[in-house]
Engineer: 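Right, I'll just put the structure down here and ask away after.
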Amino acid sequence: MKIIIDEKAKKYLKDNKQSVFTIEVRGCSSWSGTVFKPLASVGKPYNTENFDLKKVDDFDVYIMKNIKAVNDTITVSTYSFLFMENLSLNGIIV
């Protein structure tokens with residue numbers, strides 16, 4: 001699987017002094033039931049058993065096993081909401 005970290009995400013991670021992040025799919029409760037959403041979070045997962053470690057540029061990326069992506073490629077970027085900036089993922093099939 002190819003992981004692309006765009007320049008905005010690299011800057012976000014470097015500004016926050018982070019060199020490790022996790023890509024996973026989590027179930028979230030909603031009024032219509034459980035909805036599965038892709039999630040990128042800084043840091044190492046609590047239990048690394050269900051994750052593969054990949055080196056991308058200068059970053060350690062823990063990616064959940066069995067994740068599927070369009071064209072086998074995940075793009076990591078950022079988005080802003082109000083005054084907060086967070087990592088975002090594109091390409092994951094849920």
Side-chain angles (χ1 to χ4, degrees):
M1 175 154 321
K2 183 176 180 182
I3 300 171
I4 300 169
I5 305 171
D6 75 6
E7 292 304 315
K8 288 175 20 179
K10 287 178 186 177
K11 182 179 180 334
Y12 170 82
L13 291 163
K14 288 179 183 175
D15 288 350
N16 288 289
K17 297 177 176 50
Q18 297 292 327
S19 62
V20 179
F21 67 95
T22 301
I23 296 173
E24 61 187 316
V25 174
R26 278 199 190 160
C28 302
S29 297
S30 88
W31 62 271
S32 62
T34 302
V35 177
F36 292 94
K37 297 190 174 219
L39 175 68
S41 55
V42 295
K44 181 176 161 180
Y46 177 72
N47 180 1
T48 59
E49 193 173 290
N50 296 324
F51 293 83
D52 293 321
L53 175 62
K54 295 188 181 252
K55 285 275 199 188
V56 181
D57 300 326
D58 295 330
F59 301 98
D60 289 341
V61 181
Y62 284 89
I63 183 164
M64 183 180 262
K65 292 181 180 178
N66 300 322
I67 281 186
K68 305 234 183 299
V70 177
N71 297 326
D72 211 32
T73 302
I74 297 173
T75 304
V76 182
S77 188
T78 62
Y79 71 94
S80 296
F81 180 73
L82 298 176
F83 299 105
M84 295 174 42
E85 188 174 24
N86 293 299
L87 294 173
S88 68
L89 300 171
N90 291 312
I92 292 180
I93 300 170
V94 281

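Predicted model only: the values in this text are computed from it and were never measured.
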Engineer: Can you find a heavy atom in the side chain of Asp72 that is under 4.5 Å from one in the side chain of Lys2?
Structural biologist: no
Engineer: Where do Ile3 and Val76 land on the side chain to side chain contact (heavy atoms under 4.5 Å, CB included) test, with the steps shown first?
Structural biologist: CA-CA 7 Å; Ile3 300 171; Val76 182; 4.1 Å; yes
Engineer: Indicate if Leu82 and Tyr79 have the same hydrophobic cluster label, given that clusters are the connected sets of ILVMFWY residues with side-chain heavy-atom separations under 4.5 angstrom.
Structural biologist: yes
Engineer: So, does Asp6 use its side chain to make a donor-acceptor pair with the main chain of Lys8 at under 3.5 Å?
Structural biologist: yes
Engineer: With a 4.5 Å heavy-atom cut-off, do Asp60 and Lys55 have their side chains touching?
Structural biologist: yes
Engineer: Does any N or O in the side chain of Thr73 come within less than 3.5 Å of the main-chain N or O of Asn71, such that one atom is a donor and the other an acceptor?
Structural biologist: yes
Engineer: Do the non-hydrogen side-chain atoms of Ile92 and Ile23 ever get within less than 4.5 Å of each other?
Structural biologist: yes
Engineer: With a 4.5 Å heavy-atom cut-off, do Ile67 and Ile74 have their side chains touching?
Structural biologist: yes
Engineer: Let's go through Thr48 and Leu53 carefully: what are the C-alpha distance in whole Å and the side-chain angles of both, what is the deciding distance for side chain to side chain contact (heavy atoms under 4.5 Å, CB included) to 0.1 Å, and is it a yes or a no?
Structural biologist: CA-CA 9 Å; Thr48 59; Leu53 175 62; over 6 Å; no
Engineer: Any luck finding a side-chain donor-acceptor pair between Glu85 and Ser80 under 3.5 Å?
Structural biologist: no
Engineer: Quick one, Ile93 and Val70 - any side-chain contact, counting heavy atoms below 4.5 Å?
Structural biologist: yes
Engineer: Nearest 0.5 angstrom please: Gln18 CD to Leu87 CG, how far?
Structural biologist: 9.5 Å
Engineer: Keeping Ser19 on the side-chain end and Asp58 on the backbone end, is there a donor-acceptor pair under 3.5 Å?
Structural biologist: no
Engineer: Looking only at heavy atoms, which two atoms of Val94 and Pro38 are closest? And how far apart?
Structural biologist: CG1-CD, 4.1 Å
Engineer: Using the rule that two of Ile, Leu, Val, Met, Phe, Trp, Tyr join whenever any of their side-chain heavy atoms come within less than 4.5 Å, decide whether Met1 and Phe36 are in one cluster.
Structural biologist: yes
Engineer: Treat each ILVMFWY residue as a node, draw an edge where side-chain heavy atoms are under 4.5 Å apart, and state whether Val25 and Val42 are in one component.
Structural biologist: yes
Engineer: Within a strict 4.5 Å, meaning less than it, do heavy atoms of the Lys54 and Ile63 side chains meet?
Structural biologist: yes
Engineer: Nearest 0.5 Å please: distance from the CZ atom of Phe51 over to the OH atom of Tyr46.
Structural biologist: 13.0 Å
Engineer: Taking C-beta and beyond as the side chain, do Tyr62 and Phe21 meet within less than 4.5 Å on heavy atoms?
Structural biologist: no
Engineer: Distance check, rounded to the nearest 0.5 Å: Lys65 atom NZ versus Glu24 atom CD?
Structural biologist: 14.0 Å
Engineer: If you look at every heavy atom in Gly43 and Thr22, which pair is closest and at what distance?
Structural biologist: O-OG1, 2.7 Å
Engineer: Please report the interatomic distance OG(Ser88) to OH(Tyr12), rounded to the nearest 0.5 Å.
Structural biologist: 10.5 Å
Engineer: Please check if Leu39 and Leu13 belong to a single hydrophobic cluster, counting links between Ile, Leu, Val, Met, Phe, Trp and Tyr side chain heavy atoms closer than 4.5 Å.
Structural biologist: no
Engineer: Keeping the roles fixed (side chain from Asp57, backbone from Phe59), state whether a donor-acceptor pair exists under 3.5 Å.
Structural biologist: no
Engineer: Within this structure, what is the NZ-CD distance for the pair Lys10 and Glu7, rounded to the nearest 0.5 Å?
Structural biologist: 4.5 Å
Engineer: Decide if atom CG of Asn66 counts as having more than 12 heavy atoms of other residues, nucleotides or ligands within a radius under 6.0 Å.
Structural biologist: no
